[in-house]
Amino acid sequence: MDGKKKIEWAMNWMPVMASIRRDFLSDKPFSGMTISMALHLEAKTAVLAYSLKQGGAKVRISGCNPLSTDDEVAASLRDDFGVSVFAKRGLTREEYYENLAKTIEVDPDIIIDDGGDLTALALRDKSVYKNIKGGNEETTTGVVRLRNMEKAGALKFPMFDVNDALMKHLFDNRYGTGQSTIDGILTATNLVVAGKNVVVGGYGWCGRGIANKMRGLGANVTVTEIDPFKSIEAHMDGFLVRPMEEAIKYADFVITATGVKDIVTPALLKNAKDGIVLANSGHFNNEVAVEDIEKKFGRGKEVRRNVTQYNVGRKKVYVLSDGRLVNLASGQGHPVEIMDLSFSIQALTAQFIAENPKKDPKVYPVPEEIDLKVANTYLDSYGIKIDKLTREQLRYINSWQEGT
Ligand code: ADE
């Protein structure tokens, strides 16, 4: 019951998807096709799956992380919206992969992935991928994996990089991750942020969002980086920039968003403050090296839902949601209006694949028209009017003769 309400609530706040769904209903761009998806299965994702179904597709969906499925939503998507669902919260690694396998065992035409696990699995078996016309990848980590697959000659079908569409990463990675990370941390801990020392690992779009929102709540924010340009950007944005080895000594919270493993290791924790809280917002659960922390300091104890305490000498160290992405494992994922944008890009790119199957197995950018369509539909939906260039201005910016 609550699952259906959550889906209907989300649907109500996703005007761009609503407009796409109306077109899908009349045009049926996916008629006769199967779409297999592996995404964080929560309410907004259900709206995407249902919209693709309204476009004529048979839709199969699994989660893309063992801890991010909302079971109430998964049940409602199956029972009330008629989508084939293979997902549950709290799966073992084996169960998680079994579900991915069930999602793609039916010769899908299109795949939609978040993080690259479904794509990697499909590529293991020609009988699974032979029919795939193309697919979409949602997230930075997945796109990095796709590019490695392409470089190694392992990619066998075209994949579209949804993450780098403007209407995705500018809002989802930055404002979405910023807000949902705070949602996850505060839901898990109920602690105050104002006056605390928050260390953000990584100053990509997600790190930028987290650092800025944490500052907005009154934290003293330090950024750690490996990239000289991003470090200078963080510095000029007014954040302290320090190596993790130094920052961990005064951190009250460390939040990782780097896409790289071993950002917080047992060796670093020896210098941490008592009571430090560690949270990860990156796709995989290896940025905070939880397995190594358990090996070194022993099994942790759950002291509150989604909060595990480790004893490091006399100090307490708290890890949120087993080091899995805190915004979904402890929070509700990105805000609805933000996922409206990301999933509208997903839906229209899937339609583009259905209508323009490309041959070369490469990573492709999302066509600019799709980005523009989502941007303009968003502006229309919220009644936001913008200026237009006059004919004279247009002539001016396309010429070179006029100077001072
Ligand atoms: N909800 C569904 N997919 C999500 C994602 N990749 N990040 C945050 N929230 C989401």
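Sequential numbering from 1 along the given sequence is applied to the chain's residues. Both counts, for ligands and for their atoms, begin at 1 and track the order of listing. Keep in mind that the numbers below use all heavy atoms, side chains included, and drop hydrogens, waters and symmetry copies.
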Exercise. Aromatic rings F352 and F160: how do their planes relate, parallel, tilted or perpendicular, breaks at 30° and 60°?
Worked result: perpendicular
Seminar exercise, completed: For F343, the ligand 1 atoms with a heavy-atom partner under 4.0 Å come out as 2 (C), 3 (N)
Exercise. Would you call M339 a ligand 1 contact, heavy-atom distance under 4.0 Å?
Worked result: yes
Exercise. Once the angle between the rings of W13 and W9 is folded into 0 to 90°, is it parallel (under 30°), tilted (30 to 60°) or perpendicular (over 60°)?
Worked result: tilted
For this session: Evaluate the ring planes of F157 and Y129, with Trp represented by its six-membered ring, and classify them as parallel (under 30°), tilted (30 to 60°) or perpendicular (over 60°).
Result: tilted
Problem set entry | Shortest protein contact, atom 5 (C) of ligand 1 (heavy atom only) | H40 CD2, 3.6 Å
For this session: Give the residue and atom name of whichever protein heavy atom lies nearest to atom 2 (C) of ligand 1, and the separation in Å to one decimal.
Result: E42 OE2, 3.2 Å
For this session: Specify the closest pair of heavy atoms between V223 and A211, including all atoms of both residues, with the distance to one decimal.
Result: CG2-CB, 4.4 Å
Problem set entry | N327 N/O under 3.5 Å from ligand 1 N/O | no
Exercise. Considering only heavy atoms, does L328 approach ligand 1 within less than 4.0 Å through its side chain, its backbone, both, or neither?
Worked result: side chain
Exercise. Got the closest protein heavy atom to atom 9 (N) of ligand 1, with its distance?
Worked result: H334 N, 3.0 Å
Exercise. Within the structure, does D114 bring an N/O atom to less than 3.5 angstrom of an N/O atom in ligand 1?
Worked result: yes
Exercise. How are the rings of F81 and Y50 set relative to one another: parallel (under 30°), tilted (30 to 60°) or perpendicular (over 60°)?
Worked result: perpendicular
Exercise. Under 4.0 Å from any heavy atom of G333, which atoms of ligand 1 are there?
Worked result: 9 (N)
Seminar exercise, completed: Correct closest heavy-atom pair for T69 and G63 would be OG1-CA, 4.1 Å
Exercise. Should T45 be counted as touching ligand 1, given the test is an N or O pair under 3.5 Å?
Worked result: no
Seminar exercise, completed: Rounded to the nearest 0.5 angstrom, the CD1-OG1 distance for I35 and T103 is 13.5 Å
